[in-house]
Amino acid sequence: MKKVSILLVLSILVVGIFGCENLKYENQKNNEGDDHDPFIFESKTEIKKSKLAAETLEELIRKAIESQSNIQISDVKIDWVSLVDDMTIATFIFEYSGNKYIGYIYSEYQKKYLLNAIDISQVNLDVPFTFINATGQQSGLDRNYHVYYGYLNNREINKIEIIYNGNIRNVLKIDGNHTFLDVTTGSKMILNEIIGLDKDENEIHRYKF
């Protein structure tokens, strides 16, 4: 089930970097040191030159993958969408060569969806949920955006709590989703913990930073 969360932030337009670096935590050890990942993309400069556009986010993702890797992905699922003013950030999932992949896409809609950023990681199936952190800079502004997302292996997880410094808590309700997504803008908040809870508020898994 797709979930849309709208961030009512005045005049914030966010544009990302292509193939931005992820902060790799223990749940991503399966990706580290892999020089044969077929979904490693090119630089920010290359994406600006590509001018990829599509009628749907799914089509845009398929075009981005094919343009960089010559791999055709037929079944891409958009799982969670956040709207930041006129910008769209979404998590997506797909399978390739027997492996699961998760990614986020950053797009702007101007009659078609225009590609601003995309990043893809292989899912580690050995943890209850995975976590990825990506950062980029807003277009024309000296301001960053920060994307926190992951894949839910344990289907009993009903809620994700993301705790930042100052005990700021963003609570994400899982409503049939396979992923979660939190987006912040401006100065980066210090991430303290991410907790996965079941419907009875029992803790299933926790990351501390």
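Positions are given from 1, in the same order as the sequence printed here.
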Output a table of donor-acceptor pairs, distance under 3.5 Å, between side-chain atoms of residues 190-200 and any protein atom two or more places apart or on a different chain; print 'none' if there are none.
residue: Asn192; atom: ND2; partner: Tyr164; partner atom: O; Å: 3.3
residue: Glu193; atom: OE2; partner: Arg206; partner atom: NH1; Å: 2.3
residue: Asp198; atom: OD1; partner: Asp200; partner atom: N; Å: 2.9
residue: Asp198; atom: OD1; partner: Glu201; partner atom: N; Å: 3.1
residue: Asp198; atom: OD1; partner: Asn202; partner atom: N; Å: 2.8
residue: Asp198; atom: OD2; partner: Asn202; partner atom: ND2; Å: 3.2

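Hydrophobic clustering places Leu83 together with Ile118 (ILVMFWY residues linked when any side-chain heavy atoms are closer than 4.5 Å, directly or through intermediates). Note on Ile78 and Leu114: separate hydrophobic clusters, where clusters join Ile, Leu, Val, Met, Phe, Trp and Tyr whose side-chain heavy atoms are under 4.5 Å apart, directly or indirectly. Under the 4.5 Å side-chain contact rule for hydrophobic residues, Ile163 and Val147 do not share a cluster. Residues Ile105 and Tyr109 are members of one and the same hydrophobic cluster, defined by side-chain heavy-atom contacts under 4.5 angstrom among Ile, Leu, Val, Met, Phe, Trp and Tyr.
Thr179 meets the side chain to side chain donor-acceptor pair (under 3.5 Å) test with Asp79, Thr91; sequence neighbours excluded. Looking at residues two or more places apart in sequence or on another chain, you find a side chain to side chain donor-acceptor pair (under 3.5 Å) between Asn170 and Asp182. Residues satisfying the side chain to side chain contact (heavy atoms under 4.5 Å, CB included) criterion with Lys100, sequence neighbours excluded, are Glu95, Val123, Leu125, Tyr151. For Phe92, there are no ring-ring contact (aromatic ring centres under 6.0 Å, His included) partners, not counting sequence neighbours.
A heavy-atom distance below 4.5 Å is not found between the side chains of Ile73 and Ile61. Counting only heavy atoms from C-beta outward, the side chains of Glu108 and Thr88 never approach each other to under 4.5 Å. A heavy-atom distance below 4.5 Å is found between the side chains of Met189 and Ile168. Using a 4.5 Å heavy-atom threshold, the side chains of Phe94 and Ile65 count as touching. Side-chain atoms of Leu57 and Ser107, non-hydrogen and from C-beta on, do get closer than 4.5 Å to each other. For the pair Lys77/His178, a side-chain contact is recorded, criterion being any heavy-atom separation below 4.5 Å from C-beta on. At least one side-chain heavy atom of Glu156 sits under 4.5 Å from a side-chain heavy atom of Ile204. Using a 4.5 Å heavy-atom cutoff, the side chains of His146 and Asn144 are in contact.
The CD1 atom of Ile102 sits 7.5 Å away from the CD1 atom of Ile93 when rounded to the nearest 0.5 Å. Considering OH of Tyr96 and CD of Gln72, their distance stands at 10.5 Å, rounded to 0.5 Å. Here the OG-CG distance, from Ser82 to Leu172, works out to 8.5 Å after rounding to the nearest 0.5 Å.
Checked against the 6.0 Å centroid criterion, the rings of Phe131 and Phe209 qualify as a close aromatic pair.
Surrounding CD of Glu203 are more than 12 heavy atoms belonging to other residues, nucleotides or ligands, all under 6.0 Å away.
Applying the side chain to side chain contact (heavy atoms under 4.5 Å, CB included) test between Tyr148 and each of Val183, Thr184, Ile132, Leu181 identifies Thr184 as the sole match.
Using a 30° and 60° split on the angle between ring planes, Phe129 and Tyr207 fall in the perpendicular class, above 60°.
Judged by distance alone, the side chain of Asn153 and the main-chain N or O of Val127 form a donor-acceptor pair under 3.5 Å. A distance-only check finds no donor-acceptor pair linking the side chain of Asp126 to the backbone of Asn124 [under 3.5 Å].
Pairs engaging residues 61-73 under the salt bridge (charged side-chain N to carboxylate O under 4.0 Å, His left out) rule: Glu59-Lys63 [sequence neighbours left out].
Residues Gly176 and Arg155 approach most closely at O-NH2, 3.7 Å, considering heavy atoms. For the residue pair Phe180 and Leu152, the shortest heavy atom distance occurs at CD2-CD2, 3.8 Å. Tyr149 and Gly103 make their closest contact through CE1-C, 3.9 Å (heavy atoms, listed as atom of the first residue, atom of the second, distance).
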